[in-house]
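Each chain gets a letter, A, B and so on, in the order the sequences are listed, and its residues count up from 1.
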Protein chains: 2
Amino acid sequence: MNSTKESIVNIADDLIRRRGYNAFSYNDISKVLAVKNAAIHYHFPTKSDLGVAVIDLHIQKIDHFIKGVAPLSEPEKVEAFLNIYEQIQINKKVCLVGTLATDWDTIDDKIQQKLIVFVNIVGDWLTGVMEEGLKKGSLTFNGDPQTRAMLIITSIMAAAQMAKIMGPASFQSVKNAIINEVNRQ
Amino acid sequence: MNSTKESIVNIADDLIRRRGYNAFSYNDISKVLAVKNAAIHYHFPTKSDLGVAVIDLHIQKIDHFIKGVAPLSEPEKVEAFLNIYEQIQINKKVCLVGTLATDWDTIDDKIQQKLIVFVNIVGDWLTGVMEEGLKKGSLTFNGDPQTRAMLIITSIMAAAQMAKIMGPASFQSVKNAIINEVNRQ
DNA sequence: CTTGCCACTTACTTACTAGTAAGTACTATA
DNA sequence: TATAGTACTTACTAGTAAGTAAGTGGCAAG
């Protein structure tokens with residue numbers, strides 16, 4: 001399954017997280033794919049439709065991730081989650097939530113609503129991991145699970161952004177610090 | 001001193017942090033100010049020149065902030081620093097570093113270089129506060145001062161972004177958690 | 001009083017944006 | 001073999017972007 005429609009979404013995802021939502025155009029996609037501008041409009045009538053599809057792709061991916069890590073321990077789940085962002089950083093991208101948050105006032109209501117759904121999926125899952133880890137004693141941290149989950153998400157999200165400016169080392173130190181904070185003695 | 005040139009920089013700063021660098025235009029500024037497009041080009045020949053000027057304004061402001069909080073204790077300095085971001089969040093903006101980081105690949109080299117200078121000023125100052133707090137015992141935290149400083153900056157920066165999506169409550173919980181993490185027992 | 005500079009305006013160009021209307025080649029089905 | 005739908009292309013529009021060349025009004029120094 002490598003249809004034009006899927007390719008469009010994948011390229012759009014790449015462009016959004018590399019250059020930002022307002023810096024990519026249908027023309028950028030048609031330059032990469034061997035299709036014309038209008039072909040993209042055929043699959044996604046408006047840019048907002050494409051934006052929503054990109055978030056849907058991420059929802060699909062995170063659902064798959066959550067199922068995949070289900071058998072792992074809580075510390076392993078946290079590490080696996082942070083590794084997603086490490087890959088983002090290595091590929092010199094940023095996380096979708098961060099880019100769209102900074103462009104928030106310029107994006108369509110449909111994109112905003114879909115992004116809220118995505119953030120809630122990630123937030124609820126990581127809160128659950130924190131709760132479970134606290135109960136089992138496999139994770140030790142200060143504050144309540146929900147706040148800790150939010151703190152982890154914000155830290156690692158911004159660390160990927162900071163790596164754009166300060167290089168990969170800044171990302172690694174933040175990643176290690178996050179792990180240390182949930183393995184306290 | 002409320003010259004046209006200064007007004008342009010202030011409005012550009014507002015627009016960049018509200019809508020993103022690639023979503024604001026000279027026309028947006030000339031609509032707010034009672035001047036024409038070309039007047040802005042007179043003061044700032046290219047958009048990159050204006051971008052650099054906006055970061056210079058922030059460097060000026062952070063220098064002023066650092067001098068202002070010099071007599072305060074380390075915990076007070078941290079709180080004052082976090083309060084800057086609280087104001088950003090209340091005004092429904094995001095931090096300059098975050099927006100420009102997500103647009104990194106689309107911004108001019110001059111803007112990139114100037115942003116590195118700005119981040120280093122903030123990073124070095126907060127690292128110094130952490131070192132001093134650790135030495136005096138006024139701050140207690142895990143890890144080294146530099147990593148802790150980076151962790152605080154990334155967390156609060158992304159918290160302002162997250163507030164755009166999840167509302168002000170998410171910001172407050174992250175802010176409180178950061179303070180708790182440097183006042184451990 | 002005129003020369004020259006500052007801070008603009010007027011009027012424009014080139015390039016690109018999202019989006020659309022109409023047409024076409026191909027494929028599957030009745 | 002006709003019909004209809006899918007997945008496009010061709011060719012276009014209206015709007016906006018950054019940027020520029022040339023002109024203007026006011027003011028200050030010589």
Side-chain angles (χ1 to χ4, degrees), chain A residues 1-55 57 99-100 102-112 114, chain B residues 1-55 57 99-100 102-112 114:
Chain A
M1 278 207 289
N2 214 352
S3 67
T4 300
K5 190 169 184 176
E6 285 170 319
S7 297
I8 291 168
V9 178
N10 280 310
I11 294 166
D13 173 41
D14 191 85
L15 288 167
I16 289 172
R17 280 156 58 212
R18 232 175 257 284
R19 304 174 59 82
Y21 183 79
N22 290 306
F24 98 93
S25 71
Y26 275 33
N27 208 23
D28 294 330
I29 298 173
S30 60
K31 263 186 278 180
V32 179
L33 271 179
V35 293
K36 301 294 164 185
N37 207 322
I40 305 166
H41 279 284
Y42 168 75
H43 291 291
F44 304 99
T46 70
K47 200 179 173 183
S48 296
D49 294 323
L50 180 50
V52 169
V54 168
I55 304 174
L57 176 68
T99 342
L100 293 179
T102 59
D103 294 338
W104 190 254
D105 292 10
T106 72
I107 59 178
D108 192 277
D109 186 64
K110 283 178 192 173
I111 301 180
Q112 291 183 350
K114 189 63 85 172
Chain B
M1 278 208 289
N2 214 351
S3 66
T4 301
K5 190 169 183 175
E6 285 170 320
S7 297
I8 292 167
V9 178
N10 280 309
I11 295 166
D13 173 40
D14 191 85
L15 287 167
I16 289 173
R17 279 156 58 212
R18 232 176 257 286
R19 303 173 60 80
Y21 182 80
N22 290 305
F24 98 93
S25 70
Y26 276 32
N27 208 24
D28 293 330
I29 298 173
S30 59
K31 263 186 277 179
V32 178
L33 271 180
V35 292
K36 302 294 165 186
N37 208 322
I40 305 166
H41 278 284
Y42 169 74
H43 291 290
F44 304 99
T46 70
K47 199 179 174 183
S48 296
D49 294 322
L50 181 51
V52 169
V54 168
I55 305 173
L57 175 69
T99 343
L100 294 179
T102 60
D103 294 338
W104 189 254
D105 290 11
T106 72
I107 60 177
D108 193 276
D109 186 63
K110 283 178 193 173
I111 302 180
Q112 291 182 351
K114 189 63 86 171

Asker: With heavy atoms under 4.0 Å as the rule, sort A:Phe44 into base, sugar-phosphate or nothing.
Answerer: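 Touches nothing.
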
Asker: Between A:Asp14 (side chain) and A:Asn10 (backbone), is there a donor-acceptor pair under 3.5 Å?
Answerer: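 Side chain of A:Asp14 to backbone of A:Asn10, a donor-acceptor pair under 3.5 Å: no, none is there.
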
Asker: I'd like to check B:Ile29 versus B:Leu50 (side-chain heavy atoms, cut-off strictly below 4.5 Å). Are they in contact?
Answerer: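 Yes, at least one pair of side-chain atoms sits under 4.5 Å.
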
Asker: Using a 4.0 Å heavy-atom cut-off across all strands, classify B:Tyr26 as base, sugar-phosphate, or nothing.
Answerer: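 Sugar-phosphate, no base atom in range.
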
Asker: Rounded to the Å, how far apart are B:Ile40 CD1 and D:dT20 P?
Answerer: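 So the two atoms are 14 Å apart, to the nearest Å.
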
Asker: Say whether, by atom type as modelled, one donor and one acceptor occur between the side chain of B:Lys47 and the main chain of B:Tyr21 under 3.5 angstrom.
Answerer: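 Yes, B:Lys47 side chain to B:Tyr21 backbone: donor-acceptor pair under 3.5 Å.
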
Asker: Which residues in residues 103-110 of chain B have a heavy atom closer than 4.0 Å to any atom of DNA chain D?
Answerer: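 None - not one residue of the stretch has a heavy atom sitting under 4.0 Å from the strand.
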
Asker: Think B:His41 has a side-chain N or O under 4.0 angstrom from the OP1 or OP2 of C:dT9?
Answerer: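 The answer is no; no side-chain N or O of B:His41 sits under 4.0 Å from OP1 or OP2.
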
Asker: For a 4.5 angstrom cut-off between non-hydrogen side-chain atoms, does A:Phe24 reach B:Asn22?
Answerer: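 The answer is no; the side chains never approach within 4.5 Å.
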
Asker: Would you indicate, yes or no, if C:dA18 has its OP1 or OP2 atom less than 4.0 angstrom from a side-chain nitrogen or oxygen of A:Asn27?
Answerer: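 For C:dA18, OP1/OP2 do not have a side-chain N/O of A:Asn27 under 4.0 Å.
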
Asker: What is the distance, rounded to the nearest whole Å, between atom NZ of B:Lys47 and atom C1' of D:dT20?
Answerer: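 Result: 18 Å.
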
Asker: Within the pair B:Ser25 and D:dA17, is there a side-chain N or O less than 4.0 Å away from OP1 or OP2?
Answerer: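 For D:dA17, OP1 or OP2 has a side-chain N or O of B:Ser25 closer than 4.0 Å.
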
Asker: Separation of A:Asn37 atom CG from D:dT9 atom C1', in whole Å?
Answerer: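 Answer to the nearest Å: 11 Å.
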
Asker: Between C:dA18 atom P and A:Asp28 atom CG, what is the distance in whole Å?
Answerer: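 Spelled out: CG on A:Asp28 to P on C:dA18 is 8 Å.
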
Asker: Given side chains that start at C-beta, do those of A:Thr4 and A:His43 come closer than 4.5 Å, heavy atoms only?
Answerer: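 Yes, side chains in contact.
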
Asker: Nearest whole angstrom, please: distance from the C1' of C:dC16 to the CG of B:Asn22.
Answerer: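 One finds 13 Å between C1' of C:dC16 and CG of B:Asn22, rounded.
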
Asker: Nearest-Å distance, CZ (A:Phe24) to C1' (C:dT17)?
Answerer: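 It works out to 12 Å between those atoms.
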
Asker: Phosphate oxygens OP1/OP2 of C:dC8: is one of them under 4.0 Å from a side-chain N or O of B:Tyr42?
Answerer: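 The answer is no; no side-chain N or O of B:Tyr42 sits under 4.0 Å from OP1 or OP2.
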
Asker: Categorize B:Lys36 for me: base, sugar-phosphate, or nothing, with a 4.0 angstrom heavy-atom threshold over every strand shown.
Answerer: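 Counting heavy atoms under 4.0 Å across all strands, the contact made by B:Lys36 includes a base.
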
Asker: Looking across every strand, which nucleic acid part, if any, lies under 4.0 Å from B:Ala34 by heavy atom: base, sugar-phosphate, or nothing?
Answerer: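 Counting heavy atoms under 4.0 Å across all strands, the contact made by B:Ala34 is with sugar-phosphate only.
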
Asker: For C:dA18, take OP1 and OP2 only and decide whether either is under 4.0 Å from a side-chain N or O of A:Thr46.
Answerer: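 So the side-chain polar atoms of A:Thr46 never come under 4.0 Å of the phosphate oxygens OP1 or OP2 of C:dA18.
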
Asker: Does A:Phe44 have A:Lys5 sitting over its ring (NZ/CZ under 6.0 Å from centre, angle to axis within 45°)?
Answerer: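 Yes, A:Lys5 and A:Phe44 form such a contact.
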
Asker: Over how many whole Å does the gap from A:Lys31 atom NZ to C:dT17 atom C1' extend?
Answerer: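 The answer, rounded to whole Å, is 12 Å.
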
Asker: Are any side-chain N or O atoms of B:Tyr26 and backbone N or O atoms of B:Thr46, one a donor and one an acceptor, separated by less than 3.5 Å?
Answerer: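 Pair found, side chain donor or acceptor close to backbone of B:Thr46.
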
Asker: Could you give the OH-to-P distance, from A:Tyr21 to C:dT17, as a whole number of Å?
Answerer: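 Going from A:Tyr21 (OH) to C:dT17 (P), I get 14 Å.
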
Asker: Donor-acceptor pair, distance only, cut-off 3.5 Å: does the side chain of B:Asp103 make one with the backbone of B:Leu100?
Answerer: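 No, B:Asp103 side chain to B:Leu100 backbone: no donor-acceptor pair under 3.5 Å.
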
Asker: Check whether any side-chain N or O of A:Thr4 sits under 4.0 Å from OP1 or OP2 of D:dA7, and answer yes or no.
Answerer: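 Checking D:dA7 against A:Thr4, no side-chain N or O comes under 4.0 Å of OP1 or OP2.
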
